[in-house]
Amino acid sequence: MSTATGMKAVPAFQKNGKAKKKMSGAEIFVRALDAEGVEVVFGHPGGAVIKIYDEIARVQPKFTHVLVRHEQGGTHAAEGYAKATGGVGTVLVTSGPGATNCVTGIADAFMDSVPIVVFTGQVPTALIGNDAFQETDIIGVTRSITKHSFQVRRVEDLAPTIKAAYHIARTGRPGPVLVDLPKDILFAEAEFNYPKEVSLRGYTVPTTGDPAKVERAVRMINEAKKPLLYVGGGVINADAAEQLTAFARKTHIPVTTTLHGLGAFPEDDPLSLGMLGMHGTWYANQAVQHCDLILAAGARFDDRVTGKLNAWAPHAQVVHIEIDHSCVSKNVYADCAIVGDVRCVLEQLLPLVEEQETADWLAQIDRWKAECPLRFETADGLLRPQFVIQRLGAKTNGEAVVLTDVGQHQMWAAQYFRFTRPRSHITSGGLGTMGFCLPAAVGAAMGMRGSDLPVISISGDGGFVMNAQELGVAAKHRLPIKVAVMNNNFLGMVRQWQELFHENRFSHTDLTDTNPDFVKLAEAFHCVGLRTNDPNEVDALLEEAWRVTDRPVLMEFQVPQEEMVFPMVPAGAATGDMITQRY
Amino acid sequence: MSTDTLTPQQIVRRKAAGEPLHPDEPESTRRHVITVLLENSVGALNRVTNLFSARSFNLESVSVGETDDATISRMTLVTRGNHRMLAQVVRQLNRLVDTILVEDLPPEESVERELCLLKVPYTSANRAELMDVAEVFRAKVVDITPDTMTFEATGPAKKINAFIGLMRPHGIAEVARSGRVALRRTLAYGD
Ligand SMILES: Cc1cc2nc3c(=O)[nH]c(=O)nc-3n(C[C@H](O)[C@H](O)[C@H](O)COP(=O)(O)OP(=O)(O)OC[C@H]3O[C@@H](n4cnc5c(N)ncnc54)[C@H](O)[C@@H]3O)c2cc1C
Ligand SMILES: Cc1ncc(C[n+]2csc(CCOP(=O)(O)OP(=O)(O)O)c2C)c(N)n1
């Protein structure tokens, strides 16, 4: 419930000394978003924000408003927009149910460090606390899943609060910021001054790292024989893929990325080991278990990466480049922690590091790559999701923005697509939110208008249905999203665990009877629907889909329910103990 | 896992976290006083206390009050944990936008006090004894009725515990403790 203290509003006079005209809070809001450079707002109206919607109609702002069909979709769309463009996503919803529908998306953005600002309507100040109609203490509800939140208590604070909200969401470790707008504030009048700067005394943004630590890291790199770069989403957030790639190539240090780090280093480079962790490559995890130095860059040692913590990377010293001090030594002790922005720190490191003698180590890794590559069955003529992913990769030559939902298809996309550019892979990793993908693809596609890169959304049949309503929104905005649904008629990832760890008791994971006809569903939402169950038809189907340029195409791939994601570190097991195939 | 199966690097990590090397070794936890300067608002206060429950940090005592600057309040938190936990508490607190300064106060370098109000029934038979105890603890009588007395005592938490302990046989009616407040000592003559 704080206001943006510490910010000085610019005096309310124009150059000629005359006082500016006053306007409503709602108009200030609209003009502030324009002043902030917001391009797209994902929103849904309701009583508490009706005045803002009125001003949107009246003022005709520069930003585009996208009417989503569910507020959760709005938050994921804002995330997709933010991740694809590097900007901040914006959401506008009404009080009560509008606000609570955003909770999952806010939690998702918090876990994955995605910069979004969520504006929620609120009942008038005088009614707050009285269980008024559509009142929810959304600040309280979202306290532990927001980077920060504000409730605007005076119309004069509105513009500076908006400025502060975008600043906090965007800088440092990005994250969701919520701004609660009581209805009376939107009707009250004030002059509009959008501050140029923000100063928050409790908030500093790390940039360069401590030079002594940087030198220490250089010494550790020089001493290591088997170094490994462990790269995460922070590198993409910092727009540091170029520096990271230069660093790896200069030092000949092999690179493995997390799910969120995919695209930070080109996977067609021989130094690439692909993804590590639970469903990472066997050889990346072997490298982790045998390396003597881990250089972690913008990665947070998540338990899906480390498995059993005590057994992870048992021989490695750790250098951790991280912007959020609280992530340092949280899970794995950092022998050398460099707190700073990973791009700045890599720029500090680059001139100091020398070429390293890693030929033996790279040869060992190549042997591991040959010993247990990623593989799947191709001989039996069945259509496998891994194959579809490979064909999508071939179709686009990796030049695409690929969004995935949560489940088996997500892991196959991570394993088989071959990501070569930053911001080409967007998914829900930390919260693992089914239903993320389609709305996030809408957001990404809104952000990518004018670009040639196709936006590909890949979901399972389970997660797709969770936010399928956003198909209509994509159609309305003529977004040519390629929507792949890997239909195994099952909650596949849960089925896999049931088969592996629960003696084939497929309790409530069969979707056959509740799945829609996906092609008809697409058509009902004014999209094109296609389907196949034959590997020989996939390329032709993609051809056909790519010919559609004025609306989404849903491509249903009917795939076998028995397929499993391998390799796999079972939950709680050590990274060295991977299952590489069905027993 | 015993020490002989741990790699040297695993031993380094355990020691750094304050985790035991052997399963039968107790974990070394310490009590820490942390003081936080933060924006003086209900929201800021909520965020700090919420952090402790959301992150499952131990919270033994918390107190908060304004500083000489009315826009800033000072919170004193007492928590317990191993090195890793305590570092987490401080860093997570620092991460909050509303916190301006977070300091982990080593006991030897800080002064720590608590205030206690204690109401106890009395009769002519035990009145003198109560006053004797109060005298030893330099507690003051701040309220008196024909059959109850309320004492005010301040001091380190241990002293307050002892005071309450000695009053207990007399049948304490009510106790209110402020929670601890603490400041770093200024080393006027260097160290
Ligand atoms: C079904 C399923 C399976 C999964 N399996 C795997 C798996 O096998 N392997 C895997 O890797 N993940 C897997 N995940 C994802 C996993 O849960 C985590 O979300 C992911 O590993 C975290 O990625 P990250 O470490 O890159 O951190 P992110 O969540 O991307 O966080 C970024 C980190 O970088 C820091 N940072 C941000 N900006 C900067 C900056 N400018 N400078 C420096 N640092 C910065 C942040 O503070 C943070 O610590 C899976 C998820 C699901 C749902
Ligand atoms: C909102 C939500 N509910 C439940 C889960 C647990 N969960 C994880 S994966 C999964 C199955 C996903 O099935 P589907 O979308 O069909 O994808 P598949 O695994 O078959 O590729 C479930 C239920 C989740 N991650 N998110």
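Given the structure is predicted, the values throughout are model-derived calculations rather than measurements.
Residues from residues 334-342 of chain A that place a non-hydrogen atom less than 4.5 Å from a non-hydrogen atom of chain B comprise A:D335, given in numerical order. The contact list for residues 103-123 of chain A toward chain B, using heavy atoms and a distance under 4.5 Å, reads A:F110 by residue number. Against chain A, the residues from residues 64-97 of chain B that qualify, each with a non-hydrogen atom under 4.5 angstrom away, are B:D69, B:T71, B:I72, B:R84, B:Q88, B:R91, B:Q92, B:R95, B:L96, B:V97 in number order.
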message = If you apply the rule side-chain hydrogen bond (donor to acceptor under 3.5 Å, both in side chains), what do you find for B:R113 with B:S178, and how did you get there?
response = CA-CA 9 Å; B:R113 290 292 178 270; B:S178 64; over 6 Å; no
inquiry  = Test side-chain contact (heavy atoms from CB on, under 4.5 Å) on A:D180 and A:F150; report intermediate values, then the result.
reply    = CA-CA 6 Å; A:D180 203 27; A:F150 298 96; over 6 Å; no
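B:R14 is listed as a side-chain neighbour of A:N310, based on a closest heavy-atom distance under 4.5 Å. For the pair B:V120/B:F151, a side-chain contact is recorded, criterion being any heavy-atom separation below 4.5 Å from C-beta on. B:S110 is not listed as a side-chain neighbour of B:V33, based on a closest heavy-atom distance of 4.5 Å or more. Using a 4.5 Å cut-off on side-chain heavy atoms (C-beta onward), A:L228 and A:H290 make no contact.
For a residue to count as touching a neighbouring chain, one of its non-hydrogen atoms must lie under 4.5 Å from one of that chain's; by this rule A:V332 touches chain B with the side chain only. Heavy atoms of A:D324 lying under 4.5 Å from chain B belong exclusively to its side chain.
The shortest non-hydrogen separation linking A:H315 to A:Q289 is CD2-O, 3.4 Å. A:Q151 approaches A:I139 most closely through the heavy-atom pair N-CD1, 4.0 Å.
Between chain A and the options B:A54, B:A17, B:A16, the largest number of non-hydrogen pairs under 4.5 Å is found for B:A16. Note: B:N50 leads B:T99, B:N50, B:L101 in heavy-atom pairs under 4.5 Å with chain A.
Checked against side chain to side chain donor-acceptor pair (under 3.5 Å), A:D210 has no partners two or more places apart in sequence or in another chain.
Between the side chains of B:R31 and B:N58, no donor-acceptor pair is found at a separation under 3.5 Å.
For B:R184, the CZ atom is densely surrounded, since the number of other residues' heavy atoms within 6.0 Å is greater than 12. For B:E25, the CD atom counts as densely surrounded, since its 6.0 Å shell holds more than 12 non-hydrogen atoms of other residues, nucleotides or ligands. Around the NZ atom of B:K159, the shell of radius 6.0 Å holds more than 12 heavy atoms that belong to other residues, nucleotides or ligands.
Between B:F137 and B:F163, the ring planes lie tilted relative to each other; the angle falls in the 30° to 60° range.
Residues A:H167 and A:Y203 place their aromatic rings such that the two centres sit under 6.0 Å apart.
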